[in-house]
S.K.: 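Can you read through this structure? Questions will come right after.
Only this structure's heavy atoms are used, side chains among them; waters, hydrogens and symmetry mates stay out. On a predicted model such as this, the values are computed, not experimentally measured, just so you know.
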Amino acid sequence: MNLQLAENSGKQMGIVHGLLRSQDKLTYAFCDFDGSTMFAPSMSLDECRLPSYVSFNTLPDQVTADPSQGEFDFDPFAFDVGMLGVLFCNEFQTAPMLAPFLDRMTTRYIERRFKASEALRFFEDEVLPQTPENILSSRIFHRLTALYDTFDRWAGLDPTFVKKWAAFREPPVPRHLKFLRYICEYPWVFDIVNCIRRVARFIRVHMTFFHKFSLLSRP
């Protein structure tokens, strides 16, 4: 009964919004609850990184595990795409045609993760034409049996489809990574791993610098 009322109310609100838009009387605004970060236009994407603790200001069930292994910083743009991917997983995880789309939005390999524009293009070119309208036009109520990175979205799919999109399939989370995430739930362990990563990056950056300098100094 309540679900039916909510659905009817949503349809009526959609009609009202459409009417207001057609009359240029509807204004949209973003509300970030003081959680957004503005970067200088002159900064490159590689420079736009945030401390890992910033990611902790979100709900645990709405984020990817990007900073869960003791990282000291993260890519906020990739993190946002991952959060949207997790949200889609929570709502549409059982929709078969979304398997490659969701895996590439939430992959733990950040360099492979969709950028926002890539996700939209893939959705429009590959997902929409192959997904029944009723799946995408209504919310799917189901009880999640696994998290976004442990649920097998590929189980039972057409072998031809699985083979076609095999490159997009996310491999299972290895045991050592699961263990690292588990122990990093303890703040003192997270701080230790964080420090080790920071020192390792410092050494790597300076070793690269000295190596380039030595090559330039050769006669």
Side-chain angles (χ1 to χ4, degrees), residues 28-93 98 101-120 123 139-153 168 170-205:
Y28 292 95
F30 287 105
C31 181
D32 66 356
F33 302 99
D34 199 28
S36 295
T37 301
M38 295 185 66
F39 295 101
S42 59
M43 295 178 65
S44 68
L45 289 178
D46 291 337
E47 295 175 309
C48 297
R49 302 188 68 84
L50 294 175
S52 57
Y53 65 80
V54 175
S55 68
F56 303 154
N57 297 327
T58 53
L59 297 177
D61 60 345
Q62 294 181 353
V63 299
T64 52
D66 299 3
S68 300
Q69 296 88 206
E71 288 83 359
F72 57 90
D73 65 1
F74 70 101
D75 179 344
F77 301 110
F79 188 74
D80 283 348
V81 172
M83 284 187 64
L84 184 59
V86 172
L87 175 63
F88 287 159
C89 287
N90 291 340
E91 301 295 341
F92 306 106
Q93 192 151 246
L98 293 178
F101 177 67
L102 296 178
D103 270 20
R104 191 49 65 96
M105 285 191 74
T106 59
T107 176
R108 63 181 180 274
Y109 301 101
I110 308 300
E111 67 280 1
R112 301 180 192 172
R113 186 176 295 172
F114 276 146
K115 295 179 173 60
S117 58
E118 294 172 340
L120 177 61
F123 183 81
R139 181 176 177 181
I140 300 177
F141 290 90
H142 61 84
R143 183 180 297 276
L144 289 177
T145 56
L147 298 176
Y148 78 93
D149 58 350
T150 57
F151 183 81
D152 187 1
R153 289 178 282 276
F168 284 64
E170 182 74 355
V173 181
R175 291 184 178 180
H176 75 274
L177 195 55
K178 291 181 179 179
F179 177 73
L180 181 59
R181 291 177 181 177
Y182 172 75
I183 61 175
C184 280
E185 291 180 1
Y186 295 92
W188 64 274
V189 176
F190 184 94
D191 290 342
I192 291 176
V193 177
N194 184 295
C195 182
I196 293 174
R197 290 184 181 278
R198 191 181 298 272
V199 172
R201 177 180 288 189
F202 178 84
I203 294 175
R204 183 170 63 252
V205 169

S.K.: Inspect the surroundings of OH in Y53 and state if more than 12 heavy atoms from other residues, nucleotides or ligands are less than 6.0 Å away.
M.R.: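 No, the 6.0 Å shell around OH holds no more than 12 heavy atoms from other groups.
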S.K.: Do you know which two heavy atoms are closest between S42 and E47, and how far apart they sit?
M.R.: O-OE1, 4.4 Å
S.K.: Please tell me if the side chains of S117 and L120 come closer than 4.5 Å, counting only heavy atoms from C-beta onward.
M.R.: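 Counting from C-beta outward, S117 and L120 never come under 4.5 Å.
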S.K.: Can you give the donor-acceptor pairs under 3.5 Å from side chains of residues 179-193 to other protein atoms, not counting sequence neighbours?
M.R.:
{"residue": "R181", "atom": "NE", "partner": "Q69", "partner atom": "OE1", "Å": "2.6"}
{"residue": "R181", "atom": "NH1", "partner": "D149", "partner atom": "OD2", "Å": "3.0"}
{"residue": "R181", "atom": "NH2", "partner": "Q69", "partner atom": "OE1", "Å": "3.4"}

S.K.: Within this structure, what is the CE-SG distance for the pair M105 and C89, rounded to the nearest 0.5 Å?
M.R.: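 Here the interatomic distance stands at 8.5 Å.
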S.K.: Can you name the residues that form a ring pair (Phe, Tyr, Trp, His ring centres under 6.0 Å) with F168, not counting sequence neighbours?
M.R.: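 Residues passing ring pair (Phe, Tyr, Trp, His ring centres under 6.0 Å) with F168: F122, W165.
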S.K.: Tell me, do S52 and N194 make a side-chain contact under 4.5 Å, heavy atoms counted?
M.R.: yes
S.K.: Answer yes if the side chains of T64 and D66 hold a donor-acceptor pair under 3.5 Å, and no otherwise.
M.R.: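 Short answer, yes.
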S.K.: Between I110 and F74, is any pair of side-chain heavy atoms under 4.5 Å apart?
M.R.: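 Not in contact.
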S.K.: Does some side-chain heavy atom of F39 sit less than 4.5 Å from a side-chain heavy atom of F77?
M.R.: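 F77 reaches F39 side chain to side chain.
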S.K.: Atom CD in E111, atom CG in D75: separation rounded to 0.5 Å?
M.R.: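 Here the interatomic distance stands at 11.0 Å.
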S.K.: What I'd like to find out is whether the side chain of V173 reaches to under 4.5 Å of the side chain of R108, using heavy atoms alone.
M.R.: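 A side-chain contact exists here, since the closest heavy-atom pair is under 4.5 Å.
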S.K.: Between atom CE of M43 and atom CE of M38, what is the distance when rounded to the nearest 0.5 Å?
M.R.: 12.5 Å
S.K.: Working to the nearest 0.5 Å, report the span between CZ of R153 and OH of Y148.
M.R.: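 Answer for the CZ-OH pair, R153 versus Y148, is 9.5 Å.
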